[in-house]
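Please read the structure below before turning to the comments.
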Amino acid sequence: MFLKVQLSWNVIIAPENLQPQGLMLQRAIIIRLLGDFAMKKATKDLGYFLAVTTLEKIGEGKVRQHGDVLFPVVFNAITFKIFNGEILEGVVHKVLKHGVFMRCGPIENVYLSHLKMPDYEYVPGENACFMNDKLSKIGKDVTLRFSVIGTKWMEADRDFQALVSLEGDYLGPVSTLDI
């Protein structure tokens, strides 16, 4: 789910980036904010940081011991976080005997166990896949609609993992119509 959040962060500007012109200082603050935003990647509470949408306020700078200046900033951003019970789509990137791994937005480790794929059987081979009686195929590069049944925050990687299921109505491979 996409979330709109308002955040208050401190941005530190080095002395060599301080310009007397107000517009150049604002530019340096925005560039530093965007860099810090990209480096942070994600948090457990807010999910993945996707985009800064608006800069609401730049507070008064405070000179620190080393000569750099700390500016408090308030800004709006868009984040992406998955929740249990949510219906999402992902693309399979790895097929194993016991399940598949998918990507869903910024999340690289979405796991679908073979136990949560009703009526699908593993078909080994060079292009291993899961297939059901109706010849519906789950393999590499297939888009699946799934239900999230569990999430885990990995602090060391600043990343989420998810466990998902195809048990439910309208879940499974998503057909793409050529127009």
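Treat the numbers as computed from the prediction; the structure is a model and nothing was measured.
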- Message: Could you go through K97 and H114, starting from their C-alpha distance and side-chain angles, then the distance that decides it, and tell me whether this counts as side chain to side chain contact (heavy atoms under 4.5 Å, CB included)?
- Response: CA-CA 8 Å; K97 183 178 180 180; H114 72 287; over 6 Å; no
- Message: So, applying side-chain contact (heavy atoms from CB on, under 4.5 Å) with L33, which one of N10, I58, L55 is it?
- Response: L55
- Query: Would you call D159 and K41 a salt bridge, taking side-chain N to carboxylate O under 4.0 Å as the test?
  - Reply: yes
- Message: Check K40 with D36, please: is the shortest side-chain N to carboxylate O separation under 4.0 Å?
- Response: no
- Item | Interatomic distance, K4 atom NZ to I78 atom CD1 [nearest 0.5 angstrom] | 7.0 Å
- Minimum-distance pair of heavy atoms, taken over all atoms of R64 and L70: CD-CB, 3.7 Å
- Side chains of D133 and D119: closer than 4.5 Å at any heavy-atom pair? no
- For the hydrophobic clusters of this structure (ILVMFWY residues joined by side-chain heavy atoms under 4.5 Å, transitively), does one cluster hold both V148 and Y111? no
- Query: Between atom CD of E121 and atom CE of M131, what is the distance when rounded to the nearest 0.5 Å?
  - Reply: 11.5 Å
- Query: Can you list every pair that meets ring pair (Phe, Tyr, Trp, His ring centres under 6.0 Å) and has a residue in residues 52-75, with sequence neighbours left out?
  - Reply: W9-F75
- Message: Applying side chain to side chain contact (heavy atoms under 4.5 Å, CB included) to M102 and V91, what does each step give before you reach the verdict?
- Response: CA-CA 5 Å; M102 294 178 278; V91 178; 6.0 Å; no
- Item | E155/K44 ion pair, N-O < 4.0 Å | no
- Write down the atom of H93, the atom of R103, and the distance for their closest heavy-atom approach. CB-NH1, 3.0 Å
- With rounding to the nearest 0.5 Å, note down the distance linking NZ in K94 to CG in N109. 8.5 Å
- Taking every non-hydrogen atom, the tightest pair across Y122 and L96: CE1-O, 3.6 Å
- Item | Single-linkage hydrophobic cluster, 4.5 Å side-chain cutoff, V100 and L115 together | no
- Message: Do I138 and C129 make a side-chain contact, defined as non-hydrogen atoms from C-beta onward lying under 4.5 Å apart?
- Response: no
- Query: Do you reckon F2 sits in the same ILVMFWY cluster as I82, going by side-chain contacts under 4.5 Å, direct or chained?
  - Reply: yes
- Under the side chain to side chain contact (heavy atoms under 4.5 Å, CB included) criterion, do L144 and V164 qualify, and how do the steps go? CA-CA 11 Å; L144 295 177; V164 301; over 6 Å; no
- Message: Just verifying a value: how many Å separate Y120 OH and L112 CG, rounded to the nearest 0.5 Å?
- Response: 9.5 Å
- Message: Quick check for you: to the nearest 0.5 Å, what is the distance between N76 atom CG and T54 atom OG1?
- Response: 3.5 Å
- Minimum heavy-atom separation for M117 to G99, with atom names? CE-CA, 4.0 Å
- In this structure, OG1 of T43 is separated from NZ of K81 (nearest 0.5 Å) by 7.5 Å
- Task: List the atom of G47, the atom of F160, and the distance in Å for their closest heavy-atom pair.
- Result: CA-CE1, 3.7 Å
- Hey, quick one: are V142 and V110 part of the same hydrophobic cluster, counting side-chain heavy atoms closer than 4.5 Å, chains of contacts allowed? yes
- Message: Any heavy-atom pair between the side chains of L171 and S147 that's under 4.5 Å?
- Response: yes
- Message: Tell me whether the count of non-hydrogen atoms from other residues, nucleotides or ligands lying under 6.0 Å of CZ in F83 goes above 12.
- Response: yes
- Message: Taking R145's backbone N and O only, do any of them form a donor-acceptor pair with Y170's side chain (distance below 3.5 Å, no angle check)?
- Response: no
- Task: Using the rule that two of Ile, Leu, Val, Met, Phe, Trp, Tyr join whenever any of their side-chain heavy atoms come within less than 4.5 Å, decide whether F37 and I12 are in one cluster.
- Result: no
- Exercise: identify the closest heavy-atom pair between N84 and T151: OD1-N, 3.7 Å
- Query: How about N132 and F130: do any of their side-chain heavy atoms sit closer than 4.5 Å?
  - Reply: no
- Message: Using side chain to side chain contact (heavy atoms under 4.5 Å, CB included), reason through Q6 and V74 one step at a time and then give a plain yes or no.
- Response: CA-CA 7 Å; Q6 188 169 73; V74 177; 3.8 Å; yes
- Query: So do the side chains of L46 and L7 get within less than 4.5 Å of each other, counting heavy atoms only?
  - Reply: yes
